[in-house]
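Structure first, then comments.
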There are 2 protein chains.
Amino acid sequence: MEKERPSITTDVVIFTIHQNDLKVLLIKRKINPYKDHWALPGGFVKVNESLEDAAKRELVEETGVTEDSADIYLEQLYTFGHLERDPRGRVITVVYMALINSDDVKLHASTDASDAQWFSVSKFPGLAFDHAKIISYALQRIMWKFEYTTVAFSLLPNKFTISQLQRIYEIVFNKKFDKRNFNKKVLSLNILRGEEVKRDVSYRPPKLYSLKKKIGDIIKII
Amino acid sequence: MEKERPSITTDVVIFTIHQNDLKVLLIKRKINPYKDHWALPGGFVKVNESLEDAAKRELVEETGVTEDSADIYLEQLYTFGHLERDPRGRVITVVYMALINSDDVKLHASTDASDAQWFSVSKFPGLAFDHAKIISYALQRIMWKFEYTTVAFSLLPNKFTISQLQRIYEIVFNKKFDKRNFNKKVLSLNILRGEEVKRDVSYRPPKLYSLKKKIGDIIKII
DNA sequence: ACAAAAGTGTTGAGAGTACACCCATGC
DNA sequence: GCATGGGTGTACTCTCAACACTTTTGT
């Protein structure tokens, strides 16, 4: 009855912020189908590996980030299972979304750059499979999550300034916020702990903050 | 490399409202593992069937609702893939949530009642597998969706009164709303079309409304 | 006339939005 | 002293929450 089974893969939409832009990691496929097309990192789920472990494995393989890095936010997005999504046959993919801290990005831009590259979400090449649709789904989700949870902080270092935070909100929502209102809002949420001021800048030294809550906690931010 | 593959199933959390209570449909398992335990309706995904079709198939098999009924809201919830969730081996399940109109419920309470039964979400028996966890996840989702989308209307007939609508919100959130504020709020959203008044009641005849939007459209309701 | 549910308005509090100027530092 | 981003307050509007009485119908 279950002689013939669908195959199951995970794909990971890895976002980061770099050069004031929201970027997604794509890899160039080395095999058919879609040889030489760009695609999301992904692969088959092993029989003795959980879905999240499989997604983490892809994440680590493609970015070189160490798995125990606490700066990586990973969440399951959606499972895509249309019959025609893979020309090889029936392949169901469980898609995860990862957000990685821009500090770590610099480290792993080192992965040999020709077959794994960061692309702006507003300008990326034609993609293999239904991966363009998947990215568009992930973009909706990231906005939703930014509005209602603390996931945004996973894109920042442990200590950050309010304007760094504001910048990532402006990038993800692609709109400007008023600085006074933004400050007032996030400070009134009582989720930030004040830290020392940042002393290595050539302008008025900004105050640093850290997050009191856990990444992903549900709280209306904007 | 992919000699041994995980199996893939769909399970469906089917909600309805009955006797002023939110109910979930459970079936009594006839085979091991968990023989004679209650469980969510579900089964293996066929190789030539989409995930949503598989979920619909379970829904139809267990409730007898005809598939083309427009009163059924079906959405993918989450995919559960822990290694130990099924004692038979590696089984990944893509879980869907369905909301079905209480009018249809009466029709299909007919399914021979001993092996498929509606249980109050606040009082159901011990369940097979990780199905209790799945239902708790579905409950969070239904509240979220009630607050931010028009899915609640899938639990009502095409024409309904404001107080019927209020009642299902009160049931799902398990709290009372003020009648005046509730009326004001939903009418101000401009999503309802006034219809004729309901004439078969023994009290002041209430006005009927229908929904202008599509079920599932995103709009803050409460 | 009684039972049952429908229908309806006002007020106060809090949140969101718009808006512009001075401050602290490194060079 | 100049360039750079940091930091701050007020007034208006709008939304949300609290609150009780009259109306319409069937019996």
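Below, read A as the first sequence line, B as the second, and so on, with proteins coming before strands; counting in each chain starts at 1. Just so we're clear, the structure is a prediction, and the values are computed from it rather than from any experiment. Scope of the values below: all heavy atoms of this structure, side chains included, with no hydrogens, waters or symmetry mates.
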Review point. If you measure from NZ on A:Lys184 to CG on A:Asp178, what distance do you get to the nearest 0.5 Å?
Key: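 CG of A:Asp178 is found 8.0 Å from NZ of A:Lys184.
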Practice item. Drop me the distance from A:Leu211's CG to A:Lys159's NZ, to the nearest 0.5 angstrom. Key: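 Nearest 0.5 Å value for the CG-NZ distance: 14.0 Å.
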Practice item. For B:Ser163, report the nucleic acid contact type (base, sugar-phosphate, nothing); a contact means any heavy atom under 4.0 Å. Key: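 Since only primed, P, OP1 and OP2 atoms lie under 4.0 Å of B:Ser163, the category is sugar-phosphate.
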Revision key, fill the gap. Its contact letters, B for base, S for sugar-phosphate only and - for none at protein heavy atoms under 4.0 Å, make nucleotides 19-27 of chain C read BB--BBBS-
In whole Å, I'd like the distance from the [atom1] atom of [X] to the [atom2] atom of [N].
| X | N | atom1 | atom2 | value |
| --- | --- | --- | --- | --- |
| A:Phe177 | C:dA18 | CZ | C1' | 15 Å |
| B:Asn183 | C:dA6 | CG | P | 9 Å |
| B:Leu165 | C:dA5 | CG | P | 18 Å |
| A:Phe182 | C:dA18 | CZ | C1' | 17 Å |

Geometric class of the [Y]/[X] ring pair [parallel <30°, tilted 30-60°, perpendicular >60°]:
| X | Y | value |
| --- | --- | --- |
| B:Tyr148 | A:Trp144 | perpendicular |
| B:Phe129 | B:His131 | tilted |
| A:Tyr137 | A:Tyr78 | tilted |

Exercise answer: donor-acceptor pairs, residues 160-168 of chain B side-chain atoms, under 3.5 Å, sequence neighbours excluded:
| from | atom 1 | to | atom 2 | distance (Å) |
| --- | --- | --- | --- | --- |
| B:Thr161 | OG1 | B:Ser163 | OG | 3.4 |
| B:Thr161 | OG1 | B:Gln164 | N | 3.1 |
| B:Gln164 | OE1 | B:Thr161 | N | 2.9 |
| B:Gln166 | NE2 | B:Glu170 | OE2 | 2.9 |
| B:Gln166 | NE2 | B:Phe177 | O | 2.9 |

Review point. Do the side chain of A:Asp130 and the main chain of A:Lys133 share a donor and acceptor less than 3.5 angstrom apart?
Key: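 Absent.
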Review point. Hey, is the main chain of B:Lys23 close enough, under 3.5 Å, to the side chain of B:Asp21 for a donor-acceptor pair?
Key: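 It does not hold such a pair.
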Review point. Between which nucleotides of DNA chain D, 5' to 3', does chain A make heavy-atom contacts below 4.0 Å?
Key: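 Nucleotide range with atoms under 4.0 Å of chain A: D:dT4 to D:dT10.
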